[in-house]
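No hydrogens, no waters, no symmetry mates; every other heavy atom, side chains included, goes into these values. What you see is a predicted model, and the numbers here were worked out from it, not measured in a lab.
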Amino acid sequence: VTVFQSNKELLRENPKKAFASILTNLNDVGIVYDEDITHYDEHSLTRLTEWQERKERRLREGGLMGIKTPFKSINDTGVGWMPGDLIAIFARPTVGKTWLCAEMAATAALAGVKTLFVSTEMPTKSINLRLDVLMANKLGYKLSHRALRHGEDLDTEQYTKFLNELDSKSLLICDHISGQSSISIESIAALVRKHNPSFIVLDGIYLVSTGIGKSAMWEQSHALFYAMKNLCLSQNVSMCVSTQANRDASDMYEPPHAASVAFGDALIRAADVALSMCRTLDQDGDPDERMRRVQVQKMRDSELSVEDMYLKWIVNTGEIEEMTDYEPTTDY
C-alpha cells in the first residue's frame with residue numbers, strides 16, 4: 001500500500017517512471033505461496049520420452065543439444081547452452097568481455113535462437129557496429145569495425161548487400177529501460193517476460209541495480225547472481241553474464257580466478273559455467289593481440305577435454321573463433 005501511495009503523484013506526471021519505481025520497490029515485498037513440489041516417481045516414464053526427444057533433437061540439429069556456443073570444444077561435447085544455464089564470463093578491463101558477449105549473441109541469433117542482448121555499459125549504436133562485423137564475417141562478408149566506427153572508407157556495395165541479407169528478427173538489443181536511471185533486476189525480468197527470448201546476454205552485470213538499498217556488498221552480490229539464476233530456471237532460458245576482475249588480478253596474461261572478481265563467491269556458486277578470459281603472449285613473450293585465452297573454471301554436469309581454449313581474436317573484421325590446435329607463435 002505504501003509503495004502505491006508514495007507514487008500516486010508521480011503516476012500523473014510521469015507514468016513510465018512511476019511504474020518502474022513501483023516494480024523496483026515491490027521487490028522488497030515477500031509473497032507466501034505454495035511451493036511447486038513434484039513427486040519423483042509420479043509419471044516417471046515421461047523421462048524416457050524426454051530422453052528420446054533429446055536424442056532425436058541432437059540428431060536433427062547436427063549433434064548439438066541446446067544453443068550453439070562460440071567454442072568448438074564445448075559444442076563437440078554435444079551439449080551447448082541449455083535452458084536454465086547461467087554462464088559467467090569475467091576478465092580484467094580492456095580484455096574484450098563485450099566483444100565476447102557480442103559473439104555469444106551473434107552465434108545464437110544466426111542459429112535461429114531468439115536472443116536478448118542487454119548492455120549496461122555501451123549504447124545500442126556501438127553494440128550494433130560490433131554485431132555488424134561479427135555477423136558479416138559469419139555470413140562471408142568482410143567489414144572493418146574501425147571503418148564503421150570512424151566513418152572511414154569501406155565497400156559500400158558489400159555493406160549494403162550484407163544489411164539486406166541480414167533480415168533476422170531473432171536478436172533484440174537493450175541499453176536502457178525507459179523511466180529508470182539504471183537497469184534493474186526486475187526490469188530485466190520484465191523484458192524476458194515481454195519478449196520471451198531463449199537466450200539472454202547481459203554485458204556488465206555489476207552495473208545492474210539490485211533494488212535493496214544500502215545492504216552489504218555480499219548481500220547485493222548474492223541477490224544479483226541468484227536473481228539471474230532464478231530467472232533462468234523460472235523462465236526456462238539460458239543466460240550469459242559478464243563481469244570484471246578487480247585490480248588484484250594485475251596480470252593481464254593469466255586468467256583471473258573467481259576470488260579476484262567482484263561478487264566472485266556468489267558468481268561461482270550460482271553459475272553453471274564460469275569462463276575466465278585473458279590476453280596472450282607469443283613464443284617470444286611479447287603481447288599477441290591476435291589471440292585470447294579462455295579458461296574453464298567451472299562446468300556443471302559436463303567435462304571438457306581441455307582446460308584452456310584459445311580464440312582467434314581479430315575483432316576489427318569480426319574474426320572470433322576457437323583454434324583447437326593453437327601453439328604460441330610469432331606468425332600464423
Give the intermediate values and the outcome of salt bridge (Lys or Arg N to Asp or Glu O under 4.0 Å) for residues E319 and R290. CA-CA 10 Å; E319 297 175 68; R290 304 167 299 180; over 6 Å; no

Test log, rule side chain to side chain contact (heavy atoms under 4.5 Å, CB included), inputs M135 and L171: CA-CA 11 Å; M135 293 278 203; L171 183 54; 3.7 Å; yes

Please walk me through it: do E186 and S184 pass side-chain hydrogen bond (donor to acceptor under 3.5 Å, both in side chains)? CA-CA 5 Å; E186 179 52 42; S184 66; over 6 Å; no

Just do the side chain to side chain contact (heavy atoms under 4.5 Å, CB included) check on F90 and S276 with the steps written out, would you? CA-CA 5 Å; F90 47 96; S276 177; 3.5 Å; yes

So L172 and L191, side chain to side chain contact (heavy atoms under 4.5 Å, CB included) or not? Walk me through it. CA-CA 10 Å; L172 307 168; L191 285 174; over 6 Å; no

When you look at R293 and M277, which way does the side chain to side chain contact (heavy atoms under 4.5 Å, CB included) test go after all the steps? CA-CA 6 Å; R293 175 183 169 194; M277 185 167 70; over 6 Å; no

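Hydrophobic clustering keeps F19 apart from L10 (ILVMFWY residues linked when any side-chain heavy atoms are closer than 4.5 Å, directly or through intermediates). In this structure, L139 is a member of the same hydrophobic cluster as M104, with clusters built from ILVMFWY side-chain heavy atoms closer than 4.5 Å.
Under a 3.5 Å cut-off, the side chain of D175 and the backbone N or O of S119 do not form any donor-acceptor pair. Formation of a donor-acceptor pair under 3.5 Å by the T115 side chain with backbone atoms of V113 is found in this model. Checked by atom type and distance alone, the side chain of T243 never pairs as donor or acceptor with a backbone atom of Y206 at under 3.5 Å.
Within the model, atoms CD1 of I185 and CG of L231 stand 9.5 Å from one another, a figure rounded to the nearest 0.5 Å. Taking CD1 of I320 as the reference point, atom CG of N137 lies at 9.0 Å (rounded to 0.5 Å). Here CG of N128 is found 12.0 Å from CZ of R130. Values are rounded to the nearest 0.5 Å. Here the CD1-CG distance, from I87 to L275, works out to 8.0 Å after rounding to the nearest 0.5 Å. With rounding to the nearest 0.5 Å, the separation of OG1 in T107 from CD1 in I67 is 11.0 Å. In this structure, the separation between CG on L233 and CE on M228 is 13.0 Å, given to the nearest 0.5 Å.
In this structure, R149 places its CZ atom where only 12 or fewer heavy-atom neighbours from other residues, nucleotides or ligands lie under 6.0 Å away. No more than 12 heavy-atom neighbours from other residues, nucleotides or ligands sit within 6.0 angstrom of NZ on K68. The environment of CD in E152 is crowded: more than 12 heavy-atom neighbours from other residues, nucleotides or ligands sit within 6.0 Å. Atom CZ of F4 has 12 or fewer heavy atoms from other residues, nucleotides or ligands within 6.0 Å. Heavy atoms from other residues, nucleotides or ligands lying under 6.0 Å from CG of D286 number more than 12. In the displayed structure, K72 atom NZ is contacted under 6.0 Å by at most 12 heavy atoms of other residues, nucleotides or ligands.
For T280, there are no side-chain hydrogen bond (donor to acceptor under 3.5 Å, both in side chains) partners, not counting sequence neighbours. Residues that satisfy the side-chain hydrogen bond (donor to acceptor under 3.5 Å, both in side chains) test with T160, not counting sequence neighbours, are absent from this structure.
Closest approach of I183 and V118 over heavy atoms only: CD1-CG1, 3.8 Å. Among all heavy-atom pairs drawn from V315 and W99, the shortest one is O-CH2, 3.4 Å. The nearest pair of heavy atoms linking G318 to L134 is O-CD2, 3.6 Å. The two atoms that bring P93 and M252 nearest to each other are O-CE, 3.6 Å, heavy atoms only. Scanning all heavy atoms of the two residues, the minimum distance from N316 to V133 falls at O-CG1, 4.0 Å. Of all heavy-atom pairs spanning A266 and Y226, the tightest one is O-CE1, 4.2 Å.
Using a 4.5 Å heavy-atom cutoff, the side chains of T94 and R279 are in contact. When side chains are defined from C-beta on, L163 counts as touching D132, because their heavy atoms get closer than 4.5 Å. Using a 4.5 Å heavy-atom threshold, the side chains of F71 and L311 count as touching.
Of the listed residues (I205, L116, V208), just one forms a side-chain contact (heavy atoms from CB on, under 4.5 Å) with I188, and that residue is V208. The one candidate from H195, M239, Q235 that meets the side-chain contact (heavy atoms from CB on, under 4.5 Å) condition with I200 is M239.
For the residue pair S242 and D203, a side-chain donor N or O sits within less than 3.5 Å of a side-chain acceptor on the partner. With no hydrogens or angles considered, no side-chain donor-acceptor pair links S238 and D85 at under 3.5 Å. Side-chain contact check for D155 and Y141: no donor-acceptor pair (N or O, by modelled atom type) lies under 3.5 Å. Residues S73 and E322 bring a donor and an acceptor atom of their side chains to less than 3.5 Å of each other.
Applying the salt bridge (charged side-chain N to carboxylate O under 4.0 Å, His left out) test to residues at least two apart or on different chains, the pairs with a partner in residues 97-119 are E103-K138.
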